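Since the structure comes first, as structure tokens, the remarks are kept for the end.
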Amino acid sequence: MPELPEVETTRAGLAPHLTGRRVAGVTLRRPDLRWPIPAAVAAHLPGARIDAVRRRAKYLLLDTEAGSALLHLGMSGMLRVLPPDTPVGPHDHVDIALDSGRLLRFTDPRRFGCLLWQPIGEVHPLLRRLGPEPLEAAFDGDYLFARSRGRAAPVKTFLMDQAIVVGVGNIYAAESLFRAGIAPLRPAGRVSRERYRALAGAVKTVLAHAIARGGTTLRDFLNADGAPGYFEQELFVYGRGGQRCKACGTALREAAIGQRASVWCPRCQR
DNA sequence: AAGGTAACCTGCGTGC
DNA sequence: TGCACGCAGGTTACCT
């Protein structure tokens, strides 16, 4: 479910319910997700006031005066604000009770997500090596061109490297490369500056558009309505292996690149 | 340093 | 209907 647009949509949906609220209690139904949940979470969160809900890359941060709870949704994670008496399902791993009477619930069947703690004034090690945010000005074609020199890895792999730019997952990498007309297997070091400018623009356009759409579909975080799929109608290549290119009618090609399913148009993308 | 691979885990769709 | 298999929107760890 979550690439950057989904996480940003989640952040925007949660913020009105969390900002300014105090944590009434924390329920951990298992000691770990991807990693052990540090004792600092249970030690600092109860009683703390949530001052802001931020996003960095695909991480969400709940800021308090003592530090920030750091959440990642992994592949299957979901955060919802629910009434306190909502029945608990098998993958409802964490509840954060709020002084509003409601509940912030973290659900994650595959448990690739995490709940960690970042002390005040520190940057968690997982956040230290991240590249720029794709929607900020520091991310542009010149930046991609500079970082890619000498790189032999496929440009799709390069684009999905969170140390290069954050937030671009398998769906949006495929879609951005299609829009920019770049073949995903092309070595990153052999893409021109001009074409990287097109790629950076495509990434920004695709992500901003997906955020706008997610904002309309996932507006109500008080109900269980976390259904994704909002972007499906507008996908040009992702998940369309074997079908025809919407632009030119050529049969789309399909291959694993860096162990991730990849689809592209051999005519539109060079 | 960069690049490739395995690993973490559950659910779902497909084909026999 | 049952079962085995492959695959899924992410990321780190480890090895060359």
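Side chains are part of it too, since the values below use all heavy atoms of this structure and drop only hydrogens, waters and symmetry mates. In what follows, chains are A, B, ... by sequence order, proteins preceding strands, each numbered from 1. Keep in mind it's a predicted model, so treat the numbers as computed, not measured.
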Inset, instruction - Could you check whether A:Arg260 gets within reach of a base, just the sugar-phosphate, or nothing at all, counting any heavy atom under 4.0 Å? - result: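 Result for A:Arg260 = base.
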Inset, instruction - Pick base, sugar-phosphate or nothing for A:Arg111, based on heavy-atom distances below 4.0 Å to the nucleic acid. - result: sugar-phosphate
Rounding to an integer number of Å, can you tell me how far [X] [atom1] sits from [N] [atom2]?
X	N	atom1	atom2	result
A:Arg190	B:dA2	CZ	C1'	17 Å
A:Arg147	B:dA1	CZ	C1'	12 Å
A:Leu185	B:dG3	CG	P	14 Å
A:Ile164	B:dA2	CD1	C1'	11 Å
A:Leu115	C:dG10	CG	P	20 Å
A:Leu130	C:dT12	CG	P	8 Å
A:Phe106	B:dC9	CZ	C1'	13 Å
A:Phe158	B:dA1	CZ	P	17 Å

Selected nucleotide, minimal atom distance to [X] side chain, candidates [options]:
X	options	answer
A:His72	C:dT11, C:dT12, B:dG11	C:dT11
A:Met75	B:dG3, C:dT12, C:dA8	C:dA8
A:Asn170	C:dT11, C:dG9, B:dG3	C:dG9
A:Glu6	B:dG11, C:dG9, C:dA8	C:dG9
A:Lys58	C:dG9, B:dG11, C:dT11	C:dT11

Before accepting this row, confirm whether a basic side-chain N of the pair [X]/[Y] lies closer than 4.0 Å to the acidic partner's carboxylate O.
X	Y	value
A:Arg111	A:Asp32	no
A:Arg197	A:Asp140	no
A:Asp63	A:Arg54	yes

Inset, instruction - Report yes if a side-chain nitrogen or oxygen of A:Tyr172 is closer than 4.0 Å to either non-bridging phosphate oxygen (OP1 or OP2) of C:dG9; otherwise report no. - result: no
Inset, instruction - Would you tell me if any nitrogen or oxygen in the side chain of A:His91 comes within less than 4.0 Å of OP1 or OP2 on B:dG11? - result: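 Answer yes for this pair, as a side-chain N or O of A:His91 is under 4.0 Å from OP1 or OP2.
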Legend entry - Strand partner of B:dC16, provided both Watson-Crick or wobble distances fall under 3.5 Å: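 In the structure as shown, B:dC16 has C:dG2 as its Watson-Crick or wobble partner.
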Legend entry - For B:dG3, the Watson-Crick or wobble counterpart (both distances under 3.5 Å): C:dC15
Legend entry - With A:Arg105, the side-chain hydrogen bond (donor to acceptor under 3.5 Å, both in side chains) member among A:Thr86, A:Thr27, A:Asp95: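 Considering A:Thr86, A:Thr27, A:Asp95, a side-chain hydrogen bond (donor to acceptor under 3.5 Å, both in side chains) with A:Arg105 is found only for A:Asp95.
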Inset, instruction - For A:Gln259 and for A:Arg151, locate the closest nucleotide of DNA chain B by heavy-atom distance; then report the residue assigned to the nucleotide nearer the 5' terminus. - result: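 Final value for this comparison: A:Arg151.
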Euclidean distance for [atom1], [N] against [M] (whole angstrom):
N	M	atom1	result
C:dT11	B:dA1	P	22 Å
C:dC7	B:dT5	P	15 Å
C:dC14	B:dC9	P	16 Å
B:dG3	C:dG9	C1'	23 Å

Inset, instruction - Return the stacking result for B:dC9 and A:Phe112: yes when the ring centres lie under 5.5 Å apart and the planes under 30°, no otherwise. - result: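 Taking the rule of under 5.5 Å and under 30°, the ring of A:Phe112 does not stack on B:dC9.
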Inset, instruction - Enumerate the residue pairs fulfilling side-chain hydrogen bond (donor to acceptor under 3.5 Å, both in side chains) with a member in residues 253-270 of chain A, sequence neighbours excluded, ordered by first and then second residue. - result: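 Passing the test, one end in residues 253-270 of chain A: A:Lys156-A:Ser262.
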Legend entry - Any donor-acceptor N/O pair, A:Arg213 side chain to A:His209 backbone, under 3.5 Å: no
